[in-house]
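A quick write-up on the structure given underneath.
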Amino acid sequence: MKAGEIRGVETPLLIRTALIDETPGPFCMSFGFSIDALKDSIKKTGLINPLIITKNSNNKYIIVAGYRRLMAIKHLRIQDSYCIDVSESGRSPRDLLLLNFYDNLSTRVFNDVEKGMILNRLSAHFSQDELKKDFMPLLKIGNSNDLDLFLKIGTLDNHIKYALTNGAVSLKTLRLLLTLDEESREALCSLIESIKINSKYQYYLTEYLIDISQIEKKSIRDILGEEQHGAILNDKKANNPQKSKKLLRLIWSRRYPNLSNSIKQFKKGIARLNLPGKIKIDFLSYFEAPDYRLEILFRDGEELVEDIEFLLGMKEKIRVIKDPW
Amino acid sequence: MDLSKIKRVIIEEGADRYAQTFNILSKFDGQDCEIIRHPDERVEYPVNSSQMDKGTLRLIEFKGEFLKPCPGTKEYICCGYQILNVGTNCPMNCSYCILQAYFNKPSLRLFINIEENLERICEIIDNNPEKTFRIGTGEFTDSLAIDPIADWTGYLPKYFSKRKNAVLEFKTKTDCINGLLKSQYRDRIIVSWSLNSRCIASKEEHGAPSISKRLKCARICQEEGYVLAFHFDPLIFHDRWKEEYARTLDLLDKYIDPKKIIWVSMGCLRFMPRFKDIFKNRHPESKIIYNEFIPGLDGKMRYFKPLRIEMYSFMREKISEFYEDIGLYLCMESDSIWKDSMKWSPGDSRGLAEFLDKRVEFFFN
């Protein structure tokens, strides 16, 4: 077919909606969508663009392009819809997949699960190099090394796909989750969703749990099932941000026991000095920097002198500040 | 090195102008090895290729600087080593090797135009008589692993052996010492081995000879008149690490005369953050990255400070039982770690360089 040529002028026909299979089918690239706006539009103006359908090997109509429209029509119980039947057009499954792809590409933005679905479907017809070169840029996936990630997304359980689509789990976290066994992935994903851990915390939490699981040779599911974690998650007095912060802190201490203990010891030592709130002593860069930091807030020189004199007055106590190990 | 492991030799553009290329190719006569001459036939590999393609040898006309200072950072004390860049990557497959993250180009890569550049390098050395050039080839590759093909021990020593302000260190984990044994040069040539606990050597240093084998080779070289050095880098926490490292030190004591060791370095495992993913992909069976690593001041992940101090202190005490004056130093550590673990500090990079330069002077002048 030459560029600019209109392939087979197929006239839209009125077809019984019930005759069209409502399962997504081999060309579908829609996931996690709402049909409310479409329903509203169809109610007010009718179907603007006809559905594109074809017949499968069982001679049953399946959708090629317009899956969301079909869902809206079925919800609205519209008995007949205008469709273009391309069964006799000579188009191959590859052509039909591309037809739906470009139809969608020109009208909307794909979510990450849909990108995974698309790449999975295209992978049956195109090489990995072609996917990377020709399709990933169109899908706005900047890093071609992410092909494997998106191909895996296409094969995930619907629960995780929904979590990704609705933003409960970030793509960065999913990358880590994909390294886990199904059971651990499911357990962690459910936890992230249940207390709505923000994307930064969920990434760290996942990373620490993976490490702990390796160190302690224990499954993530078992770690999360421990009593102390249950106590945090079931605490009725705490809200979700408080729970996630507490959980992350606990998991972090377990991942970094020596560092965590050193921080505790150091802070305990500083607390013993009973410094006023405007004077702070802190460690730097996980104690990696050679120095500690003294911070004084003051209004004027007079107040600074007073603060310095105050510190000089407790020289002996200050002298004992040292590395906490 | 077993030549049969090389399945393909790629001669990159410009490389066939050098005699070294033909010397190397002649070693593959009769071998089941594909030779690709045309540069257009070069195979492009994706960045972070997980296989590293170690069965391919690339002969390359290197256009960059052959002699470069070790890329130390100001936050930690660096010894001021100079790297003679003879090639990159090596046939072994150590799980912890930072080259996996450092270079994004796979294959064994030999720079075949070194000899043509050695006069220029020597000019730099000769033009700085006040400076001691401690030079090594073992930073971006193993100094001896590919020597049976590259013949570095055949042509490099003569350029350094006669210079009064330079030493050349061949740093290796291998038993490829035939080239060294054939060489007539001993003066200002150092042969060093990377050592570890036997447990780490067997689990993490894939394709490298055992610690005993390395030390037996070291003894042969020592008996043949070479000055030796050893590098405990990376030191790695693992089950019964104290016992395991003590065993290696016992073996060192058994095989080597400590009076002829110019220096022993120590450095704990450290890596760039992005290395963790590469490591997990390439070595899923290894657990060594699951320890308490924190971001160091140079951005590399390091064991939390007291853990490093504990490890260095233990090693220092054990090594000092073996011999006091052994040129023990830390690679890329801070002044405070030096003081806490070594009980002294060179203060800064210049101080450490002076310490090691004096060792050179003592051994070779």
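Keep in mind it's a predicted model, so treat the numbers as computed, not measured.
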A/Lys267 NZ: over 12 foreign heavy atoms closer than 6.0 Å: no
Chain B heavy atoms under 4.5 Å from A/Glu207: which part of the residue, side chain, backbone, both or neither? side chain
For the side chain of A/Gln214 and the backbone of B/Tyr290, is there at least one donor-acceptor N/O pair under 3.5 Å apart? no
Cut-off 4.5 Å, heavy atoms of chain A, and the answer for B/Ile294 is side chain
Could you tell me if the side chain of B/Leu297 sits less than 4.5 Å from the side chain of A/Ser285, heavy atoms only? yes
Taking side chain as everything from C-beta outward and backbone as N, CA, C, O, which of these in A/Ser144 sits under 4.5 Å from a heavy atom of chain B? Side chain, backbone, both or neither. neither
Side chain from CB out, backbone as N, CA, C, O: work out which of these in B/Pro284 comes under 4.5 Å of a heavy atom of chain A, or both, or neither. neither
Give a yes or no on whether B/Asp239 atom CG has more than 12 heavy-atom contacts from other residues, nucleotides or ligands under 6.0 Å away. no
Does some side-chain heavy atom of A/Asp211 sit less than 4.5 Å from a side-chain heavy atom of B/Ile289? no
How about NZ on B/Lys287, more than 12 heavy atoms from neighbouring residues, nucleotides or ligands closer than 6.0 Å, or not? yes
Looking at side-chain heavy atoms only, is the closest gap between A/Ser262 and B/Phe304 below 4.5 Å? yes
Under 3.5 Å, is there a donor-acceptor pair between the B/Tyr76 and A/Glu288 side chains? yes
Determine, stepwise, if the pair B/Lys305 / A/Tyr286 fulfils side chain to side chain contact (heavy atoms under 4.5 Å, CB included). CA-CA 9 Å; B/Lys305 201 169 176 178; A/Tyr286 307 94; over 6 Å; no
Considering only heavy atoms, which portion of B/Asp340 lies under 4.5 Å from any heavy atom of chain A: side chain, backbone, both, or neither? side chain
Please determine if B/Asp277 and A/Arg175 form a salt bridge, counting it only when a charged side-chain N lies under 4.0 Å from a carboxylate O. no
Are more than 12 heavy atoms from other residues, nucleotides or ligands located less than 6.0 Å from atom CZ of B/Arg316? yes
Report the option among B/Gly296, B/Pro306, B/Pro295, B/Ser336 that has the most heavy-atom pairs separated by less than 4.5 Å from atoms of chain A. B/Pro306
Would one find more than 12 heavy atoms of other residues, nucleotides or ligands at under 6.0 Å from atom NZ of B/Lys276? yes
Under a 4.5 Å heavy-atom cut-off, does chain B meet the side chain of A/Pro257, its backbone, both or neither? both
Flag, side chain of B/Glu292 to backbone of A/Arg255, donor-acceptor distance under 3.5 Å: no
If you count heavy atoms of other groups shown closer than 6.0 angstrom to NZ of A/Lys218, is the number above 12? yes
Should we count NZ of A/Lys243 as having more than 12 external heavy atoms under 6.0 Å? yes
Are there more than 12 heavy atoms of other residues, nucleotides or ligands under 6.0 Å from atom CZ of A/Phe283? yes
